[in-house]
2 protein chains.
Amino acid sequence: MSIIFSKKCEYGIQAILFLSAEVESQICSADEISKKLLIPKEFVSKILQELTTSGIVDSKKGKSGGFFLSKPISEIRLIDVVTAIDGFDIFNKCVLGFSNCSSDSPCPVHNTWAKLSKETVQMLSEATLDEFLETTKRKLSSIGDVKN
Amino acid sequence: MSIIFSKKCEYGIQAILFLSAEVESQICSADEISKKLLIPKEFVSKILQELTTSGIVDSKKGKSGGFFLSKPISEIRLIDVVTAIDGFDIFNKCVLGFSNCSSDSPCPVHNTWAKLSKETVQMLSEATLDEFLETTKRKLSSIGDVKN
DNA sequence: ACATAATCAGATTTATTTATCTGATTAAAA
DNA sequence: TTTTAATCAGATAAATAAATCTGATTATGT
């Protein structure tokens, strides 16, 4: 059970972060990403193909091919990945599942959630991948550690 | 696709809110709740049975039986329902899906999300059902409206 | 006493999400 | 030129979540 994002989206974000950290090496294969992030290879491959379609990553076919970011990391934000995979609607839906929840007909937590939802979008929109770079690298290097 | 809560949990919360608004009538059948909230009858019935097990609601079998809150509405909080159905772990998991995400090994949004997650728990913990009563009643009366 | 209407337990079905497979195409390297 | 290693498209399988069904039990009201 996932909070906020689908597994697909979580994997997508992780893969994009990985690519941002490997940006000098220009290109990474799905196999490489899969091994590093412990994500099923075919799945991450599918996800990156989708992100190729939505213009966030580019790909190169054939031997020594793979995926790479289509823009400088200073121009990519996490929200781009989220929007591409899970869509933006998740941030507008009523958190208690009521239909037609709005400020005119609010559920008990409507206003509070509206604020938190907005802040979540902000969290994903404010920073670009380059601002995360150091944290990303440290995090990636600790994947698979028993304890950290 | 649900943000934060499973559909089961959303339905559970809605049902509890319904019971809080119908607290004078003492008892409501699954059929009644289902019709009002537009939730499949057998599903809401199952959920309320689970909430009976976890002590949030009580039930009465047989003709003119049904469900009712086991405590005064001034003693029930939304977080109780969430914990009973989806568990508390959802609030501790990494929002980007990294394992072992912690302040020692944070993902790029770890700290921001920790704050937002905490505030979400607060939103569900602060108020008791009686503090929501008016909003709840208004909301319930507008369910099924084409526009509101 | 009997019909009715409810919970309840457990199995089953359906839908959705997650994951895998197959084969075609592509391009680099041997 | 052939082998190799990659994307890519589309189908399939497996796992999980959501919804439904079946029958037993329980208690109310006629």
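Order of the sequence lines fixes the chain letters, A, B, ..., with proteins taken first and strands second; residue numbering starts at 1 for each chain. This one's a predicted model, so the numbers in the text were calculated from it and none came from an experiment.
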Sub-3.5 Å pairs of nitrogen or oxygen atoms, protein against nucleotides 9-11 of chain D:
{"from": "D/dG10", "atom 1": "N7", "to": "A/Lys46", "atom 2": "NZ", "distance (Å)": "3.0"}
{"from": "D/dG10", "atom 1": "O6", "to": "A/Lys46", "atom 2": "NZ", "distance (Å)": "2.6"}

## Note on the structure
B/Ile39 CD1 to D/dA19 P, in whole Å, measures 9 Å
### Message
Rounded to whole Å, how long is the line connecting atom NZ of B/Lys7 with atom C1' of C/dT14?
### Response
15 Å
### Task
Grab the CZ-P distance between B/Phe43 and C/dT13 for me, whole Å please.
18 Å
### Message
Measuring to OP1 and OP2 of D/dA18, would you say a side-chain N or O of B/Tyr11 lies under 4.0 angstrom away?
### Response
no
### Message
Tell me which one of A/Thr52, A/Leu51, A/Ile16, A/Ile27 satisfies side-chain contact (heavy atoms from CB on, under 4.5 Å) with A/Phe67.
### Response
A/Thr52
### Task
Treat primed atoms plus P, OP1 and OP2 as sugar-phosphate and everything else as base, then score nucleotides 25-30 of chain C 5' to 3': B for base contact with protein heavy atoms under 4.0 Å, S for sugar-phosphate contact only, - for none.
-BBB--
### Task
Report the distance from atom NZ of A/Lys8 to atom C1' of C/dT16, rounded to the nearest whole Å.
11 Å
### Message
Under the rule for ring pair (Phe, Tyr, Trp, His ring centres under 6.0 Å), what residues qualify as partners of A/Phe132, not counting sequence neighbours?
### Response
none
### Task
Kindly say whether B/Ile56 contributes a backbone atom to a donor-acceptor pair with the side chain of B/Ser70 at under 3.5 angstrom?
yes
### Query
Do the charged groups of B/Lys36 and B/Glu22 touch, with an N to O distance under 4.0 Å?
no
### Length of the CD-P vector between A/Glu42 and C/dT18, whole Å
16 Å
### Message
Tell me if the NZ atom of B/Lys71 is crowded by more than 12 foreign heavy atoms within 6.0 Å.
### Response
yes
### Query
Do A/Leu96 and A/Cys101 come close enough that some side-chain heavy atom pair is under 4.5 Å?
no
### Query
Is it true that B/Glu50 and B/Lys46 make a salt bridge, defined as a side-chain N closer than 4.0 Å to a carboxylate O?
no
### Query
The side chain of A/Ser6 lies closest to which of these nucleotides: C/dT18, D/dT7, D/dA18?
C/dT18
#### Entry: side-chain contact (heavy atoms from CB on, under 4.5 Å) partner of A/Leu124, chosen from A/Asp80, A/Val82, A/Ile4
A/Val82
### Task
Side chain of A/Ser29 only, please: which of D/dA6, C/dC8, C/dT7 is the nearest?
D/dA6
### Query
Does a side-chain N-to-carboxylate-O contact under 4.0 Å join A/Lys115 and A/Glu119?
yes
